[in-house]
There are 2 protein chains.
Amino acid sequence: MEFENLAGKLKALSEPTRLKIIGLLKVRDCCVCELVPVFGISQPAISKHMFRLKSAGLVKEERRGKWVFYSLNKEAFKELGFDLSVLPDLTNELKAIEDQGSSVQCNILEQA
Amino acid sequence: MEFENLAGKLKALSEPTRLKIIGLLKVRDCCVCELVPVFGISQPAISKHMFRLKSAGLVKEERRGKWVFYSLNKEAFKELGFDLSVLPDLTNELKAIEDQGSSVQCNILEQA
DNA sequence: TTATAATATAATCATATGGTTATTTGTTTT
DNA sequence: AAAACAAATAACCATATGATTATATTATAA
């Protein structure tokens with residue numbers, strides 16, 4: 001891959017919030033409303049981060065009813081030469097959010 | 001590694017000039033005055049890029065007489081989970097610079 | 001069909017970034 | 001010691017970035 005293209009993908013990765021979003025998506029697909037309470041920034045801010053990740057081809061999006069779910073594009077990470085296993089496992093952090101339903105602003109969890 | 005730290009290193013990598021500098025250092029150690037003619041930007045601009053790469057721990061520096069040579073910190077790339085082999089090989093590009101000595105602003109090549 | 005929920009977009013703002021030119025610092029050469 | 005070379009630092013500027021609030025858009029629920 002050419003340097004410009006590679007650098008573009010790396011730039012999308014190289015922001016702490018977005019990198020942690022990638023870590024969360026490594027655990028499971030997530031929708032925007034689940035990510036908002038994790039980071040304590042506004043919903044539009046998360047949406048813009050997802051747009052950046054999607055534009056770089058690092059994540060895929062899929063609408064499921066009211067929600068838009070984002071998932072990792074693992075193929076893109078291979079091409080990028082980035083090993084996802086270096087990211088800390090966030091399973092527990094995601095579980096914590098699921099448990100304290102009070103702080104979760106969306107109703108996605110009630111669907112299950 | 002934590003997300004902040006990882007993101008910081010990725011940010012240092014995620015700029016086209018710096019990423020290409022890494023590609024050149026993969027071929028061999030280089031000094032600033034060799035890099036200047038490759039990119040067509042000013043010497044201070046290259047120096048600042050080297051500072052960013054060094055601060056992120058991605059490169060090491062070593063003074064040799066008048067020159068300061070930079071080399072890859074390969075260990076850092078492992079920790080970062082980034083596979084250097086995805087970068088295009090720039091051996092020829094470096095050779096081209098060596099050959100057309102006219103455009104090279106420093107005398108490093110005359111040393112050999 | 002009206003209200004509500006989830007997401008995206010627009011407008012705005014402060015800070016970070018990557019470049020420039022001018023100058024300083026360190027090293028070698030004459 | 002003076003001149004020249006290599007690199008770093010300082011001051012500055014235009015653009016990119018990451019956040020905000022306000023407003024649209026899209027889909028479900030009442």
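Reminder, nothing fancy here: chain letters follow the sequence lines and each chain counts from 1. Model, not experiment: these values are computed from the prediction.
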Which nucleotide, D/dG18, C/dT17, C/dA8, lies nearest any side-chain atom of A/Pro44?
C/dA8
Considering only side-chain heavy atoms of B/Glu15, which listed nucleotide, C/dT21, D/dA19, C/dG18, is closest?
C/dG18
When you measure from the side chain of A/Lys26 to the backbone N and O of A/Asp89, does any donor-acceptor pair fall under 3.5 Å?
no
Interatomic distance, A/Glu62 CD vs C/dA8 P [rounded to whole Å]
13 Å
Nucleotide C/dT17, atom C1' - distance to CZ of B/Phe51 in whole Å
14 Å
Separation of D/dA8 atom P from B/Phe69 atom CZ, nearest Å, is 12 Å
Without decimals, in angstroms, what is the distance between A/Ile41 CD1 and D/dT20 P?
6 Å
Keeping B/Glu15 on the side-chain end and B/Thr17 on the backbone end, is there a donor-acceptor pair under 3.5 Å?
yes
When the distance from CD1 of B/Ile21 to P of D/dA7 is rounded to whole Å, what number comes out?
12 Å
Mapping B/Ser47 and A/Arg52 onto DNA chain D by nearest heavy atom, which one lands closer to the 5' end?
B/Ser47
Of C/dT20, C/dG18, C/dA8, the nucleotide closest to the side chain of B/Arg18 is C/dG18
Among C/dT20, C/dT7, D/dT20, the nucleotide that comes nearest once only the side chain of A/Cys31 is considered
C/dT7
So what does A/Gln43 touch, heavy atoms closer than 4.0 Å: a base, only the sugar-phosphate, or nothing?
base
Presence of B/Ser42 side-chain N/O under 4.0 Å of C/dT20 phosphate oxygens OP1/OP2:
yes
For the side chain of B/Val32, starting at C-beta, report the closest nucleotide among D/dA7, C/dG19, D/dT20.
D/dA7
Ignoring hydrogens and geometry, is there a side-chain-to-backbone donor-acceptor pair from B/Ser14 to B/Lys11 under 3.5 Å?
yes
Let's go through A/Arg63 and A/Glu61 carefully: what are the C-alpha distance in whole Å and the side-chain angles of both, what is the deciding distance for salt bridge (Lys or Arg N to Asp or Glu O under 4.0 Å) to 0.1 Å, and is it a yes or a no?
CA-CA 7 Å; A/Arg63 182 171 276 276; A/Glu61 81 175 14; over 6 Å; no
Where each residue is assigned the nucleotide of DNA chain C containing its nearest heavy atom, which of A/Lys11 and A/Lys54 is assigned the position nearer the 5′ end?
A/Lys54
Any N/O donor-acceptor pair, B/Lys48 side-chain to C/dG19 base, under 3.5 Å
yes
Contact under 4.0 Å: B/Arg63 side-chain N or O vs D/dA6 OP1/OP2:
no
If you compare every side-chain N and O of A/Ser14 against the phosphate oxygens of D/dT17 (OP1, OP2), does one of them come in below 4.0 Å?
no
At under 4.0 Å, does any side-chain N or O of B/Tyr70 touch on OP1 or OP2 of D/dA6?
no
Within this structure, what is the CH2-to-C1' distance between B/Trp67 and C/dG26, rounded to whole angstrom?
14 Å
Any A/His49 side-chain N or O less than 4.0 Å from OP1/OP2 of D/dT17:
no
Decide yes or no for A/Phe51 and A/Val59: does some side-chain heavy atom of the first lie under 4.5 Å from some side-chain heavy atom of the second?
no
Between A/Asp29 (side chain only) and A/Ser71 (backbone N and O only), is there a donor and an acceptor less than 3.5 Å apart?
no
For B/Arg64, report the nucleic acid contact type (base, sugar-phosphate, nothing); a contact means any heavy atom under 4.0 Å.
nothing
Atom pair distance, as rounded to whole Å: CG in A/Leu13 and P in D/dG18
12 Å
Between C/dT7 atom P and A/Lys66 atom NZ, what is the distance in whole Å?
9 Å
